[in-house]
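Input: a single structure, listed below in structure tokens.
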Amino acid sequence: MSDLLAGLNPEQQAAVKAADGPVLIFAGAGSGKTRVLTHRIAYLIQEKQIPPYQILAVTFTNKAAGEMRDRIRELAGDNHGQINVGTFHSISARILRREAESLGYSRYFTIYDDDDGLRVIKQIFKDKNLPTDQVPPKGVFYTIKNYKNQMIGPDELVDQPFFFRGGIDLVEVYRLYERRLKQSNAMDFDDLLLKPIELFKNNPAILKLYQSRFRYILVDEYQDTNRAQFQMVKLLSEVHQNLCVVGDDDQSIYGWRGADIRNILDFQDAFPKAQIFKLERNYRSTKTIVTAASAVVGNNRDRATKQLWTEAEQGDPITVLHASDDQHEARLIADKLLEISQQSELTFSDMAILYRTNAQSRALEERLRDYGIPYQLVGGTKFYDRKEVKDSLAYLRIIQNPADDVSVARVLNTPPRGIGKTSELRLASFALDEDISLFEALKRVDETAVGTGPGNRVKDFVTLIEKHGARLAESDLGDWVQAYLIETGLIQQYQAEDSEEAESRIENIYELINGIREFQGRHEEPTLEAFLEEVALLTDVDKLTDDRRQVTLMTCHSAKGLEFPIVFLAGLEEGLFPLIRQTDGDGDLEEERRLFYVGLTRAEKRAFISYCSARQRYGETLLAKPSRFISEIPMDLMEMSTAKVLGDEQPVTTGTNRRGKIMSERKQSPFVAKRIKPEEAVDYAVGQTVEHAYFGRGRIMAITGSGGDSKLTILFAGNQQKKIIARYAKLKIITK
DNA sequence: TTAATCGTACTTTTT
DNA sequence: GTACGATTAA
């Protein structure tokens with residue numbers, strides 16, 4: 001069956017056939033990397049007779065894992081079943097559940113996300129009476145995360161004077177944080193990577209087991225692995241050395257998360273016998289796009305030498321759209337989307353809009369809605385991050401792991417049930433004194449200083465949890481969740497509110513319940529723990545659908561590994577892309593450039609790049625210059641669009657002109673953009689008729705606050721009442 | 001002591 | 001626009 005090699009170019013074939021020993025494959029953008037990986041696995045199974053269960057393939061997202069499994073199935077037939085495919089985090093979680101006892105955890109441990117972790121830090125601040133005014137808990141949390149990412153534990157920091165201002169001892173908070181998680185039988189994302197290493201180092205027998213279990217290891221997106229991930233694969237492949245990593249140093253974009261580009265650049269140092277292959281032929285994009293992207297990324301110093309090339313046609317030049325502001329930019333893009341969908345065979349699902357920050361999606365979304373263009377948004381506020389969904393999940397997590405203090409604290413008084421801050425504080429300090437979990441403290445509420453009123457409420461709460469905990473085993477999971485969540489009163493609380501927002505929160509809770517039923521239908525063992533784990537490790541991209549006729553909106557980071565015939569890169573302005581943060585100096589310009597490279601190389605046929613002269617950010621209007629990345633593209637590959645948009649002539653959308661007029665210059669910021677502050681608001685008064693860009697004419701019913709920050713309550717046509725902040729509204733006074 | 005309202009600060013990218 | 005914390009009202 002060596003038709004496995006048919007249709008592969010010589011380099012790809014060589015990479016597939018080099019089955020044994022360490023292998024590094026540099027795979028340029030669009031060079032058929034996934035093909036090589038899947039064919040390689042099929043080759044191992046069919047030609048080398050390796051049992052599938054001895055193969056471990058690690059991908060970056062669950063979606064990529066699913067796709068890989070599908071493609072191997074096509075190639076290798078039935079035998080693929082027991083192959084281990086997953087993300088680092090999901091594979092680790094699986095190992096850790098099995099071996100939890102060896103680490104002093106129960107197998108029902110909870111996975112904490114950043115929000116949960118931050119709550120732990122905040123609780124520590126409360127317990128220790130640390131001041132939050134000098135150093136925000138968030139900052140402490142991120143510092144700790146940073147250390148964990150680099151595998152630096154609190155003990156290794158001890159020699160250094162790590163005191164923050166305000167007398168906060170970082171090492172102590174770090175220690176407490178680790179202790180709290182352990183006591184809560186919880187692991188954060190970093191632990192999922194660190195604990196297996198700890199496990200393997202302390203238990204040679206267990207390590208040996210997994211070494212022989214994973215006799216062939218393949219790692220995709222290797223350029224984005226961090227130190228812990230490197231160590232894990234190194235440990236696992238130490239004996240057999242059958243480690244194949246695939247990546248592209250030019251696409252390393254997760255340095256901020258601890259990814260170490262040196263993992264790929266220095267692979268040979270760690271594995272001196274490594275064979276190296278380079279896939280440099282691009283099959284995805286036009287010559288224009290390949291040449292442009294290569295030219296830009298060629299400005300980076302820290303990279304392995306390689307030259308991407310293609311035999312594809314030249315294709316259209318990259319179109320640069322210049323907009324006056326972000327609203328205008330959104331219109332230009334929407335116009336192009338419509339134009340392309342009408343004048344070509346392409347549909348909206350062939351098009352994507354990519355940007356640097358999630359905040360940019362709003363203006364785009366508004367305009368797409370106006371135009372009636374269907375879109376799907378990846379990222380932003382995720383479904384599982386919504387308050388009501390997290391609350392619901394917290395109720396479920398308590399059942400699985402009562403030691404999960406974060407979840408218990410989260411829902412103890414949600415919905416409000418008469419257990420206020422004071423009671424919570426007393427319970428928490430009792431738990432601390434007795435060295436027991438918060439839930440244990442609730443059960444012993446009579447021994448605490450909590451009053452009888454709230455005390456009875458606490459007892460009701462405990463009864464509620466225990467009652468449903470006992471029922472879990474004997475009922476259908478979906479029915480059980482529904483009954484449980486209803487009895488928590490969570491839904492009732494929102495029903496009482498009777499607002500649009502509450503309405504959608506209720507919908508989300510039901511959507512969660514439906515999600516569980518759907519999970520039941522597709523999972524072999526639909527247990528509560530399996531569901532909670534899937535939810536914890538799910539990414540946004542995992543939920544992306546291909547086949548609906550929708551434009552895709554997402555960040556360049558999320559777009560990694562995807563491709564679209566038409567790609568728009570929005571917001572190409574100095575300070576935004578490359579992004580410059582005001583707080584900690586210059587970021588990593590080379591990484592920003594790689595990110596741009598990733599974005600541009602997503603395009604198959606045509607790329608559009610847009611930038612604005614002025615952009616609303618943090619409530620201010622900033623003047624901006626076009627990104628340096630635009631000028632790094634060879635001139636002859638670009639065309640500057642001078643397209644006029646119909647909408648420009650309509651008075652309704654003259655916000656830019658008006659704003660341009662009332663803008664006054666302030667001092668130049670240290671960075672690229674000039675800061676512009678709108679003048680103090682015009683004098684609004686109750687009873688005036690005003691015109692709003694979106695809502696039309698209306699009458700001011702009430703004003704609260706003063707100046708630009710004042711809130712206006714305006715009654716628009718159709719009895720629509722809206723509250724609007726004067727400063728941001730594009731209001732025109734019609735009559736006094 | 002609890003609940004509701006008000007004011008403020010925040011938004012880089014994600015497993 | 002949101003989500004949190006603080007302040008105030010009950």
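Lettering follows sequence order; numbering is per chain, from 1. Values below: all heavy atoms of this structure, side chains included; hydrogens, waters and symmetry mates excluded.
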Judged by modelled atom types alone, do [X] and [Y] share a side-chain donor-acceptor pair under 3.5 Å?
| X | Y | value |
| --- | --- | --- |
| Asp404(A) | Ser184(A) | no |
| Tyr375(A) | Glu365(A) | yes |
| Arg119(A) | Tyr112(A) | no |
| Ser627(A) | Glu573(A) | no |
| Tyr222(A) | Asp248(A) | no |
| Gln150(A) | Arg227(A) | no |

Base-pair string, DNA chain C, Watson-Crick plus G-U, cut-off 3.5 Å on both distances, | for inter-strand, is ||||||||||
Is there aromatic stacking of Tyr254(A) against dT13(B), centre distance under 5.5 Å, plane angle under 30°?
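A stacking contact does not exist, since Tyr254(A) is not both close and nearly parallel to the base ring of dT13(B).
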Quick one: [X] [atom1] to [N] [atom2], roughly how many Å, whole number?
| X | N | atom1 | atom2 | answer |
| --- | --- | --- | --- | --- |
| Leu96(A) | dT15(B) | CG | C1' | 14 Å |
| Tyr355(A) | dT11(B) | OH | C1' | 13 Å |
| Asn358(A) | dT14(B) | CG | P | 6 Å |
| Asn456(A) | dT2(B) | CG | P | 13 Å |
| Phe125(A) | dC4(C) | CZ | P | 17 Å |
| Ile261(A) | dT13(B) | CD1 | P | 21 Å |
| Asp115(A) | dT11(B) | CG | C1' | 15 Å |
| Leu377(A) | dT13(B) | CG | P | 12 Å |

Provide a list of protein-nucleic acid N or O atom pairs under 3.5 angstrom, restricted to nucleotides 7-10 of chain C.
none

Distance criterion of 3.5 Å, no angle test: do you see the side chain of Trp256(A) paired donor-to-acceptor with the base of dT12(B)?
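Check fails, no donor-acceptor contact within cut-off.
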Confirm from the modelled atom types if Arg257(A) and dT13(B) form a donor-acceptor pair under 3.5 Å, side chain to base only.
no
Contact class for Arg356(A) vs. all strands (heavy atom < 4.0 Å): base, sugar-phosphate, or nothing?
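Result for Arg356(A) = base.
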With heavy atoms under 4.0 Å as the rule, sort Arg426(A) into base, sugar-phosphate or nothing.
sugar-phosphate
Which residue lies toward the 5' end of DNA chain B, Gly451(A) or Ala536(A), if each is placed at its nearest nucleotide?
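Comparing both residues, the 5'-ward one is Gly451(A).
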Quick check: on DNA chain B, is the nucleotide nearest Pro416(A) upstream (toward 5') of the one nearest Leu595(A), or the reverse? Name the residue that is more 5'.
Pro416(A)
Ring-face cation contact, Phe109(A) with Arg97(A), 6.0 Å cut, 45° max
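Ring-cation test returns yes.
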Surrounding CD of Glu198(A) (heavy atoms of other residues, nucleotides or ligands, distance under 6.0 Å), is the total greater than 12?
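Atom CD in Glu198(A) is packed in, count exceeds 12.
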Taking only N and O in the side chain of [X], is any of them less than 4.0 Å away from OP1 or OP2 of [N]?
| X | N | answer |
| --- | --- | --- |
| Lys138(A) | dC4(C) | no |
| Thr555(A) | dT14(B) | yes |
| Asn413(A) | dT2(B) | no |
| Ser558(A) | dT14(B) | yes |

What orientation do Tyr254(A) and His557(A) show, parallel under 30°, tilted 30 to 60°, or perpendicular over 60°?
perpendicular
Closest of dT15(B), dT13(B), dT2(B) to the Ser423(A) side chain is dT2(B)
Measuring from the side chain of Phe189(A) (C-beta onward, heavy atoms only), which nucleotide among dT15(B), dC4(C), dA3(B) has the closest atom?
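That would be dT15(B).
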Indicate yes or no for a side-chain donor-acceptor contact from Arg615(A) to the backbone of Asp325(A) under 3.5 Å, with no hydrogens or angles considered.
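Checked: no pair found.
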Taking the side chain from Gln229(A) and the backbone from Asn226(A), do they hold a donor-acceptor pair closer than 3.5 Å?
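Flag set: sc Gln229(A) to bb Asn226(A) pair under 3.5 Å.
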Using the closest heavy atom to pick a nucleotide of DNA chain C for each, name whichever of Arg119(A) or Arg362(A) lands nearer the 5' end.
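The residue mapped nearer the 5' terminus is Arg362(A).
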